[in-house]
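Here's the structure we're looking at; comments come further down.
Just the heavy atoms: all of them, side chains too, but no hydrogens, waters or symmetry mates, feed the values below. Just so we're clear, the structure is a prediction, and the values are computed from it rather than from any experiment.
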Amino acid sequence: MAPPDDQPESTGEAIVAEAEIKPISTVVFIIAMQTEALPLVNRFQLSEDAESVFPKGVPWVRYHGCYKDLQINIIWPGKDPVLGVDSVGTVSAALVTYASIQALHPDLIINAGTAGGFKAKGAAIGDVFLVSEVAFHDRRIPIPVFDLYGVGMREAFSAPNLVKEVDLKVGRLSTGDSLVTTPHDELAITANDATLKDMEGAAVAYVADLLKVPAIFVKAVTDIVDGEKPTAEEFLQNLAAVTAALDEKISNIIEFINRKSLSEL
């Protein structure tokens with residue numbers, strides 16, 4: 001006899017409910033730059049894979065280890081094989097997120113890194129935010145419904161207790177593949193009501209949502225997009241100090257997450 005029509009949905013709901021009450025065990029961090037990743041690797045004494053869980057030939061790097069009751073994995077997309085720079089941007093972020101979910105089956109994804117902030121929305125250098133919603137600002141498709149697909153607005157997993165305990169600011173994140181913005185980008189960022197701008201978040205959110213894995217986004221402000229200094233100059237000037245602030249907050253987040261379920265976040 002064929003199963004009732006509602007069985008797959010009921011089974012799916014039961015799986016989700018169970019996942020939300022069991023303690024978080026496996027955490028995957030998606031971090032775009034080695035400079036952002038290494039302080040956490042050192043803090044939690046993680047080891048680089050001797051044999052990669054990823055396809056042969058890709059530059060993606062996994063650092064992993066145990067901390068208290070958590071299996072911690074930090075995934076860095078690695079260096080571009082030709083140019084030798086960090087593989088930043090949405091394409092690498094989406095690929096490593098998909099591959100990490102398939103290989104590691106995480107309970108929670110954390111996309112951590114630096115971002116530009118808007119002083120008009122209350123952001124300042126060194127602030128660390130937990131993202132509430134994330135969207136794209138450079139996928140312009142001026143056709144009905146396709147325009148909404150291009151923006152791709154998604155909610156991050158809600159973690160109100162984490163915000164309070166770790167003392168994080170909250171704001172929306174807008175993602176694009178360029179460090180600097182065009183007038184078109186600026187209009188889209190305003191429409192997204194974004195406090196922050198990065199180059200990976202919305203891509204990670206898309207894949208996590210597609211594969212039904214909870215994801216949160218922790219972003220530290222290195223540069224003020226609507227400020228007076230050139231973005232690249234201010235980003236490089238503040239990267240080291242802001243990465244240290246991010247490292248401290250991530251450490252606090254890990255301490256808070258340990259032995260908690262998703263529903264307790």
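- Phe146 does not carry Arg139 over the face of its six-membered ring by the limits of under 6.0 Å from the centre and within 45° of the normal.
- Tracing side-chain contacts under 4.5 Å through hydrophobic residues (I, L, V, M, F, W, Y), one reaches Leu210 starting from Val91; they form part of the same cluster.
- To the nearest 0.5 Å, atoms CZ (Phe217) and CD1 (Ile109) are separated by 8.0 Å.
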Candidate pair Leu162 and Ile216, rule side chain to side chain contact (heavy atoms under 4.5 Å, CB included), full reasoning: CA-CA 11 Å; Leu162 178 63; Ile216 62 175; 3.9 Å; yes
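- Side-chain N or O atoms of Asn73 include none that pairs as donor or acceptor with a backbone N or O of His64 at under 3.5 Å.
- Across all non-hydrogen atoms, the minimal contact from Gly117 to Leu196 is CA-CD2, 4.3 Å.
- The structure places OG1 of Thr97 at 9.5 Å from CD of Glu200, a figure rounded to the nearest 0.5 Å.
- Remark: side-chain polar atoms of Lys121 are not paired, donor with acceptor, to backbone N or O of Gly171 under 3.5 angstrom.
- A side-chain N or O of Glu264 and one of Ser261 form a donor-acceptor pair less than 3.5 Å apart.
- In this structure, Thr175 contributes its side chain and Ala202 its backbone to a donor-acceptor pair below 3.5 Å.
- The shortest side-chain heavy-atom distance between Leu262 and Asp107 does not fall under the 4.5 Å cut-off.
- For the pair Val88 and Leu179, the minimum side-chain heavy-atom distance is 4.5 Å or more.
- Counting non-hydrogen atoms of other residues, nucleotides and ligands closer than 6.0 Å to CD of Gln102 gives a total above 12.
- Grouping the Ile, Leu, Val, Met, Phe, Trp and Tyr side chains by contacts below 4.5 angstrom, directly or via other members, places Val53 apart from Val61.
- A distance of 4.5 Å separates CD1 in Ile74 from CG in Leu40, rounded to the nearest 0.5 Å.
- Judged by distance alone, the side chain of Asp138 and the main-chain N or O of Ser178 form no donor-acceptor pair under 3.5 Å.
- Among residues two or more places apart in sequence or in another chain, the side chain to side chain donor-acceptor pair (under 3.5 Å) test is passed with Asp223 by none.
- Separation of atoms NE2 (His137) and OG1 (Thr182) is listed at 7.5 Å; rounding is to 0.5 Å.
- Ile254 has its side chain out of reach of Lys68: every pair of non-hydrogen atoms, C-beta onward, lies at least 4.5 Å apart.
- To the nearest 0.5 Å, atoms CD (Gln71) and OG (Ser25) are separated by 6.0 Å.
- Under the 4.5 Å side-chain heavy-atom criterion for ILVMFWY residues, a single connected hydrophobic cluster contains both Phe44 and Leu246.
- With hydrogens and angles disregarded, no donor-acceptor distance shorter than 3.5 Å links the side chain of Asn252 to the backbone of Lys249.
- For the pair Thr243 and Pro39, the tightest heavy-atom approach, listed with the atom from each and the gap, is CG2-CG, 3.8 Å.
- Side-chain contact between Val218 and Leu130: present, with at least one pair of heavy atoms (C-beta onward) separated by less than 4.5 Å.
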Output, in order, the C-alpha distance, side-chain angles, deciding distance and verdict of side chain to side chain contact (heavy atoms under 4.5 Å, CB included) for Asp193 and Glu133. CA-CA 10 Å; Asp193 193 27; Glu133 292 95 14; over 6 Å; no
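- In terms of heavy-atom proximity, Phe54 sits nearest to Ser100 at CZ-OG, 3.7 Å.
- One hydrophobic cluster holds both Val41 and Val27 under the rule that ILVMFWY side chains link at heavy-atom gaps under 4.5 Å.
- Counting all heavy atoms, side chain and backbone alike, Phe29 lies closest to Ala112 at CD2-CB, 4.3 Å.
- Side chain of Arg259 to main chain of Asp69: no donor-acceptor pair is present (N/O by atom type, distance under 3.5 Å, no hydrogens or angles).
- Val28 has its side chain out of reach of Val213: every pair of non-hydrogen atoms, C-beta onward, lies at least 4.5 Å apart.
- Salt bridge absent: Glu186 and Lys197 never bring a charged side-chain N and a carboxylate O closer than 4.0 Å.
- One hydrophobic cluster, built from ILVMFWY side chains closer than 4.5 Å, holds both Val134 and Val204.
- Every pair passing side chain to side chain donor-acceptor pair (under 3.5 Å) that includes a residue from residues 204-220 is listed here, sequence neighbours excluded: Asn111-Lys219, Arg154-Asp209, Asp198-Lys219.
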Under the criterion side chain to side chain contact (heavy atoms under 4.5 Å, CB included), I'd like the reasoning laid out for Glu36 against Thr114: C-alpha separation, chi angles, the key distance, then a yes or no. CA-CA 8 Å; Glu36 299 165 338; Thr114 56; 2.6 Å; yes
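- Counting heavy-atom neighbours within 6.0 Å of Tyr98 OH, excluding the residue itself, gives a total of 12 or less.
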Does the pair Lys79 and Gln34 meet the rule for a side chain to side chain contact (heavy atoms under 4.5 Å, CB included), with working shown? CA-CA 9 Å; Lys79 300 280 189 182; Gln34 189 177 39; 3.8 Å; yes
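- With a 4.5 Å cut-off on side-chain heavy atoms, His105 and Thr26 do not count as touching.
- The two residues Ser87 and Asp80 come nearest to each other via the heavy atoms OG-N, 3.4 Å.
- Judged by distance alone, the side chains of Asp177 and Thr90 do bring a donor and an acceptor atom under 3.5 Å apart.
- One distance of note links CD1 of Ile141 with CG of Asp147; it measures 8.0 Å at 0.5 Å rounding.
- A 6.0 Å sphere centred on CD of Gln45 holds no more than 12 heavy atoms belonging to other residues, nucleotides or ligands.
- Here the closest non-hydrogen pair linking Ser132 and Val170 is CB-CG1, 3.9 Å.
- Taking the six-membered ring where the residue is Trp, Tyr63 and Trp76 present parallel rings, their angle staying beneath 30° rather than reaching 60°.
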